[in-house]
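Structure record follows, encoded as structure tokens.
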Amino acid sequence: MSTSVSPTLEHEHRLIDAGIIDFADADPRAVNPTALLEAIAVLRRHIYLEEEYLFPPLRAAGLVGPIMVMVREHGLMWPLLDRIEQAAAAGDTGTAGQLCRDLLEQLNSHNMKEERILYPQADALPPGDLDELAGLLSTAELPAGWVCGGVAVD
Ligand SMILES: [Fe+2]
Ligand SMILES: [Fe+2]
């Protein structure tokens, strides 16, 4: 058994969803984007930790295809996060709300796959494989300029 990181990662899924749902469900004329922007920042950090610290040992354990799919899905979400932040910064809460609903659809199927397939496999990795991630979960900050691996480069 490796250090169990899945309860914390699943808890982050719930927290992130809640922040985005609250914004998407609110009256766009009266909503405050602060909590949404916090949820987006937590999601970016979550994606960073998965790609840098969770996926490499899973890939080494043979889960090449599922990891490829997850990275591709992160790459679809990442530009959506930029657009949500831009719309919120511009005070366009209607557009931000619609983009949030698009993001929630993507997160719904993405998180389900992680929680059913990847996280249980992570918990079954050899002892020590995820110690670094376990230590970083409460402390890591997204490095400036970090972009997830699945973003299409043109
Ligand atoms: Fe993910
Ligand atoms: Fe995740």
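Numbering of ligands and ligand atoms starts at 1, following listing order. The structure displayed is predicted, hence computed values, not measured ones.
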Report summary line: Distance filter < 2.8 Å from the Fe ion (ligand 1), protein N/O/S hits 4
Report task. Check the surroundings of atom CZ in R116: do more than 12 heavy atoms from other residues, nucleotides or ligands lie under 6.0 Å from it? Result -> no
Report task. Look at E85 together with R44 and state whether they make a salt bridge at an N to O cut-off of under 4.0 Å. Result -> yes
Query raised in the report: Mind checking whether W146 and Y48 have parallel, tilted or perpendicular rings, split at 30° and 60°?
Result: perpendicular
Report task. Calculate the angle formed at the Fe ion (ligand 2) by OH in Y119 and NE2 in H13; 10° precision is enough. Result -> 80°
Query raised in the report: Is atom CZ of R83 surrounded by more than 12 heavy atoms (other residues, nucleotides or ligands) closer than 6.0 Å?
Result: no
Report summary line: Taking every heavy atom of R45 against every heavy atom of A140, the minimum-distance pair comes out as NH1-O, 2.8 Å
Report task. Mind checking the CD-CG spacing from Q106 to N108? Nearest 0.5 Å is all I need. Result -> 11.0 Å
